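Residues take their numbers from the sequence shown, with the count starting at 1. On a predicted model such as this, the values are computed, not experimentally measured, just so you know.
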Amino acid sequence: MQLPASLAQVSESALEPILQCEEMLHWPSNRLDELRFIAGMSQFVTATLERDSLLRQRLPHMLEFQRRWEEYRIQIKNQLKNCKNEQEGMQALRQFRNREMVYIAWRDFMHSWSLEESLKHLSELAEALIFEAYSWQYDLCCREFGTPCNSQGIAQPMLIIGMGKLGGGELNFSSDIDLIFTYPENGETQGARRSLSNAQFFTRLGQRIIKALDLQTFDGFCYRVDMRLRPFGDSGPLVMSYAALEDYYQEQGRDWERYAMIKARVMGSEMYAQYDELRRLLLPFIFRRYIDFSAIQSLRRMKSMISSELRRRGLTNNIKLGAGGIREIEFIAQSFQLIRGGREPSLRRKSLLEVLKAIRDLNLLPFSEVSQLRSSYCFLRQVENLLQAMADKQTQTLPDNELEQQQLALAMRYESWPELVAEIQKQMQAVHDIFNGLIGDDEEDAHDVEIHFHELWDMAQKEEVIEVILVDMHVQEPVRCAEIIRNFKRDLAKKTLGPRGREVLNRLMPKIFKAVFEHKDAVFGLPRVLNLIYQIATRTTYLELLDEHRGALAQLVRLCIASPMISEQLARFPILLDELIDPQHLYNPTQLDDYQVELRDYLARIPEDDMEQQMEGLRQFKQIAMLRIAAADIAGALPVMKVSDHLTRLAEVTVDAVVSMAWNQLSEKYGEPTHLKDRGGRGFAVIGYGKLGGWELGYNSDLDLVFMHDCPVDVMTDGLKVIDGRQFYLRLAQRIIHIFSTRTTSGILYEADTRLRPSGASGLLVSPADAFDEYQMEEAWTWEHQALVRARIIYGDQPLFDSFQATRHKVLTMARDQEELKKEVVDMRLKMQQHLGGKKAGRFMLKQDAGGITDIEFLAQYLVLMFSHDKPKLTRWSDNVRIFESLMNEKILTPEEAKGITDAYTTIRDQIHHRNLLNLEADVDEEKLVAERDLVTKLWQQWLE
């Protein structure tokens, strides 16, 4: 056989150092001629011969034998026996592999055997290397860690399951090997000083086997080992017991895993009996007993994945992945196996050629189509093997280099590259026609945006592919989004999902991607929505709710993108998802006057004596109400003042319900204080301070509470267990705080802060009304009087209401020295700034920085304390907006000043509200709100400096 001039030059250059070696003197002339021919095409063959003197000596003799695979196991075992250490063992494995691969490449290039013989040798060589590496390392591990045994003391082996082409006995020339490790039973090792669990032993063994095969050394490597087909992929345990493997596939196995398990085959004939048990366990997962037409939908998705990869990666020159390539032939065969393998045992074969024969015998495809598939498969596999044997590289892409094109054409016995390409295209077109006819034409436009969303889900494990999809869709930050999607699907694989859940997810996820990526802020919303789906993934009912109610899904995405706070709430408490079904209800929160009735009705469904469920009901009502308020806020249906009105009213009715719950509990045990008999009521009040007192609650606000009673000193309760009346009110306050702060499955109700009570944390938890009055008049600091400006009764009997109002009015209208008041207010402001300030470079802290919320609040408090002596109407309101209005009416502020500071206040509060919704800290770029800050600072300087 003659080489063209260009390849003859390649051959001569490559053989120059080899032909000078002594071993070559003994080569027969016919083998030397073959060598010169092969050297023009295969760098791998010449490079291996150049560095391996033993191969140069033995190769002519090796080529005299057609069935070398029969001796592989014995030869490798004998070589490993003589190895003194791990390094020698790894060298022996690699050298054996390279010598036999040269033999296989030689026969492939010389066309001196059939494709089936080539694939048989490649697959048997891999199996022999894998199994003998296992046997060698198993013995070493047993000597080091003891022998792994079950509970009866019977030694346990590790089974290595070959997947893909290895399992099918169709390995290509330079292929990865896909493996799964498993063992029959749990137990622990015996015979060593310290025992290990079987799982630990086999994990270490598996790691050593991978290293023995995969590690790149001076002699190269045996195989790239891929363990990602095991349960849970990279994140799963390296080795699992039979029972764990069965549980996984029966409970969580996906369609693509059924697809992969078709070719699963145990390595080593000694293990066949052991594998029978596992195979029987897995058979119902792989092959359904009935004709499985439900698989058609997943097959269509797989076809979409194939089509997608073609488009995304431009795989027109790829004989495996391209249209009509090897993968489509495999897909056709395996689709029949999935759909009909449960009924037809002949379809359960591992080898694709055997499956094609069964398809023909069962008349599942016309004879001519099966013949075409077989001939195309053999042709393309031959091209693939020779392409890889040229340099021992894992590639299925036709070369674009002219020299390599010439080499491949010659290896395939074609006169020219164009002739070979024409034949390849002819064969692949024939396959693709059959493929489309079987699965159905891809009617959608290849660029139809709807396809993208299915591809994102189907191909989520291939980050580089979905990255390209996202780029095509013009998504912002496609790399980040691709990583988020890949990590989500990987983490989801760890969850225990039943078949129904997986089916719903497969329908739902493309819809979710569509809803998310149609939003301009998709890059922020994607992780929030996926986190929520991850949290509820095991609750199929919620997945079905979103799948069946497009409106609910749209609302979910909208709310999650707008607010991480809402997405976190929905993820933690999925019961809130029910609220999404009716958007009209969702975006129209309860009327302020109706919260009391709605809460009463909500709790009426729960038995009064079931305290735990009552507490849970309170929390759920609050969450639902806050979701509606936030939704209306996001939709722009509620301005900031109204948002605070709703949040404050919600807190008020919650306080009312909590007081009633606590009262009922205590009165059942102790009765009621006797001073209430003639007058009725409860003799108890709750004072709201701060944002609660000022009708200015935000989404994350605490409740500043002070408790008051009017119980005389000598009063007792009238129950079976009598206690002092004031002790009763103390326990009532403690019980109220307990109901607020106890963490149930729905979290806490509110953070309740009682430090503003007289004497602070060291004072009584609940104050008698007269003591409260006395403290405020005689002992309270100026800052406590400032706090009183924003205080009001939110729960209580009329006598206590009147008492508190009188005290507050009396305190606020006290005559004060202007300079002393100014100094104390400014000192407290500076003290707060020092304690609470956390200045960030280039940011304006909305609450604590000069010109922010605290300055506005302090200014309002100062003006009320300063001028109420002469203008008592200033004490009427506890909220800043109406205080500024009162200051205007009393001619203390001009209309322009009152409007300016009110606008500044509401604008800054609006920013804080929406930063809360985004779970962000209360700061903005210092270039923002400049006009508002300047106005506040000017007024501060005018009055307080």
Minimum heavy-atom separation for [X] and [Y], please, with both atom names.
X: V225; Y: I210; answer: CG1-CG1, 4.1 Å
X: F109; Y: A389; answer: CE1-CB, 3.7 Å
X: L171; Y: A126; answer: CD2-CB, 3.5 Å

Quick one: are [X] and [Y] in side-chain contact, heavy atoms under 4.5 Å?
X: M62; Y: E100; value: yes
X: I319; Y: I424; value: yes
X: L35; Y: L49; value: yes
X: L245; Y: L278; value: yes
X: I177; Y: L213; value: yes
X: T182; Y: F202; value: no
X: I38; Y: W106; value: yes
X: T395; Y: N318; value: no

Side-chain H-bond candidate by donor/acceptor type, [X] with [Y], under 3.5 Å:
X: Y103; Y: R107; answer: yes
X: N198; Y: Q156; answer: no
X: T48; Y: N98; answer: no

query: Applying the salt bridge (charged side-chain N to carboxylate O under 4.0 Å, His left out) test to K165, which of E170, E330, E384 qualifies?
result: E330

query: Checking side chain to side chain contact (heavy atoms under 4.5 Å, CB included) for the pair D276/R280: CA distance, chi angles, key distance, verdict?
result: CA-CA 6 Å; D276 269 353; R280 282 196 300 273; 3.9 Å; yes

- prompt: So does E116 pair up with R374, basic N to acidic O under 4.0 Å?
  reply: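 A salt bridge is present here (some side-chain N lies under 4.0 Å from a carboxylate O).
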
task: Inspect the contact between E270 and R73 and indicate whether a charged nitrogen and a carboxylate oxygen are less than 4.0 angstrom apart.
output: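 Yes.
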
task: Start with the C-alpha gap between R265 and E127, add the side-chain angles, then the distance that decides, and say whether side chain to side chain contact (heavy atoms under 4.5 Å, CB included) holds.
output: CA-CA 10 Å; R265 180 172 62 90; E127 181 172 347; 2.7 Å; yes

I'd like to know if the side chain of [X] reaches the main chain of [Y], judged simply by a donor and an acceptor atom lying under 3.5 Å from each other, with no hydrogens or angles considered.
X: N82; Y: N78; result: yes
X: H26; Y: Q57; result: no
X: T46; Y: Q43; result: yes

query: Should the heavy atoms of other residues, nucleotides or ligands under 6.0 Å from CZ of R51 be counted, would the total exceed 12?
result: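 More than 12 within 6.0 Å, yes.
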
Stepwise side chain to side chain contact (heavy atoms under 4.5 Å, CB included) check, E64 with R31: CA-CA 11 Å; E64 297 302 315; R31 296 304 184 193; 3.1 Å; yes

message: Exactly one of M227, R228, K263, M261 should register a side chain to side chain contact (heavy atoms under 4.5 Å, CB included) with M163. Which one does?
response: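 Of the listed residues M227, R228, K263, M261, the side chain to side chain contact (heavy atoms under 4.5 Å, CB included) partner of M163 is M261.
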
message: Please verify the inter-ring angle class for F173 with F44; under 30° counts as parallel, over 60° as perpendicular, anything in between as tilted.
response: perpendicular

task: Take I104 and W113 through the side chain to side chain contact (heavy atoms under 4.5 Å, CB included) test and state the conclusion after the steps.
output: CA-CA 10 Å; I104 293 168; W113 60 4; 3.9 Å; yes

task: Return each pair, listed once, that meets ring-ring contact (aromatic ring centres under 6.0 Å, His included) where at least one residue sits in residues 217-242; pairs must be two or more places apart or across chains.
output: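 Passing the test, one end in residues 217-242: F232-Y248.
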
message: Going by ring pair (Phe, Tyr, Trp, His ring centres under 6.0 Å), name the residues that satisfy it together with Y138, two or more places apart in sequence or in a different chain.
response: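 Listed in chain order: Y134, F201.
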
- prompt: Under the ring pair (Phe, Tyr, Trp, His ring centres under 6.0 Å) test, which residues partner Y377, sequence neighbours left out?
  reply: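 Result, ring pair (Phe, Tyr, Trp, His ring centres under 6.0 Å) vs Y377: none returned.
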
message: Does Q200 form a side chain to side chain donor-acceptor pair (under 3.5 Å) with T203? I'd like the steps, not just the answer.
response: CA-CA 5 Å; Q200 290 174 302; T203 298; over 6 Å; no

